[in-house]
Amino acid sequence: MPAARESLLDAAYTALTERAWTAVRMVDVAAAAGVSRQTLYNEFGSKEGLARALVRRETDHYLAGVAWALSQGSAAAGARRDAAGRVAAAAAWTLRTARANPLVRAVLTGCWSDRLPAPAAAGATPPRAAGPGIPAQRTAPSGDGPLPGPAELVGRFCDQAVAALEPDWPEEQLPALCTACETAARLTLACVVAPVTPGAAPSAGCVRAPRSRRELETEAVSRLVRGAFARMPAGAQPGESR
């Protein structure tokens, strides 16, 4: 029952924003979703299974956002050539999501606070069924296996960038494109791990509206990503669509 599953995951995420995962009770999650506790156990098998499914959903949503950012401008006149700009948009989405979503940030960085599901529990192998009378020990639904870590997410960011840009790139320059995308992905992760801090105040006589941390972070990661593409060998530029 997809609707019930999504409602339960929404309720679990809301509960996690209000209190530590150790204080989240299955009965409360079920009540908030408007379903029975039995339905919750049928869907996820255990609290660990719920945590695993929640982390996986948030990670999948993040990766869908990366794909969306990379697709922007691909059909606009002239925008097809701005490969660095499209990857920079995906990098900016990564920073925004990591700031807003503690689960995505934890998966990207590998740093889990004590308010979040323990990494071992969130990534544990679903327990084998021990009989129909013990709902907490039923096998969790398929697809809730081990979760991706920072290295895998960097790889998937890179793969999505290459897949989005490759149609406009000369075949002989694809290795250079792959290198630039991988560098951009790693630089983006570095910005998530060590966010930029506000710079010094403008010098006297310089009138400039104050900028938010989000604007500073977006500017910094965009500069880094564009630098990765600027270092590509001469002639490694996107061509016309094939």
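Atom set for the values below is all heavy atoms of this structure, side chains included, hydrogens, waters and symmetry mates excluded.
- At least one donor-acceptor pair closer than 3.5 Å links the side chain of Arg86 to the backbone N or O of Leu70.
- For the pair Arg52 and Glu48, the salt-bridge criterion is not met [side-chain N within less than 4.0 Å of a carboxylate O].
- For the atom pair Met26 CE and Ser46 OG, the distance stands at 6.5 Å (nearest 0.5 Å).
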Please list, one pair per line, the donor and acceptor atoms closer than 3.5 Å that link side chains of residues 11-24 to other protein atoms, with sequence neighbours excluded.
| unit_1 | atom_1 | unit_2 | atom_2 | d |
| --- | --- | --- | --- | --- |
| Thr14 | OG1 | Asp10 | O | 3.0 |
| Thr17 | OG1 | Thr14 | O | 2.6 |

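- The CZ atom of Arg156 sits 4.5 Å away from the CG atom of Leu63 when rounded to the nearest 0.5 Å.
- For the pair Glu182/Cys178, no side-chain contact is recorded, criterion being any heavy-atom separation below 4.5 Å from C-beta on.
- Closest heavy-atom contact between Leu116 and Pro102: CD1-O, 3.8 Å.
- For Ser36, the side chain to side chain donor-acceptor pair (under 3.5 Å) test picks out Thr39, with sequence neighbours left out.
- Contact annotation: the side chain of Asp60 approaches that of Arg56 to within less than 4.5 Å [non-hydrogen atoms, C-beta and beyond].
- Between Pro150 and Leu108 there is no side-chain heavy-atom pair separated by less than 4.5 Å.
- At least one donor-acceptor pair under 3.5 Å links the side chain of Ser7 to the backbone N or O of Ala3.
- In terms of heavy-atom proximity, Trp112 sits nearest to Pro117 at CE3-O, 3.3 Å.
- In this structure, Thr183 and Arg231 have side chains that are in contact, with non-hydrogen atoms separated by less than 4.5 Å.
- Here Phe229 contributes atom CZ and Asp82 contributes atom CG; the two are 9.5 Å apart, rounded to the nearest 0.5 Å.
- Under the 3.5 Å distance criterion, the side-chain polar atoms of Thr218 are left unmatched by any main-chain donor or acceptor of Glu215.
- Residue pairs meeting the side chain to side chain donor-acceptor pair (under 3.5 Å) criterion with at least one member in residues 92-104, sequence neighbours excluded, are Glu58-Asn101, Tyr62-Thr94.
- Criterion: ILVMFWY side-chain heavy atoms under 4.5 Å apart, direct or through other members. Under it, Met232 and Val225 are part of a common hydrophobic cluster.
- If you take CG on Leu153 and CG on Leu189, they are separated by 8.5 Å, rounding to the nearest 0.5 Å.
- Separating the OG atom in Ser113 from the CZ atom in Arg105 is a distance of 10.5 Å, to the nearest 0.5 Å.
- Expressed to the nearest 0.5 Å, how far CG of Leu177 lies from CD of Glu172 amounts to 12.0 Å.
- In this structure, the side chain of Gln173 does not engage the main chain of Trp169 through any donor-acceptor pair within 3.5 Å.
- Dense packing is recorded around CZ of Arg57, with more than 12 heavy atoms of other residues, nucleotides or ligands lying under 6.0 Å away.
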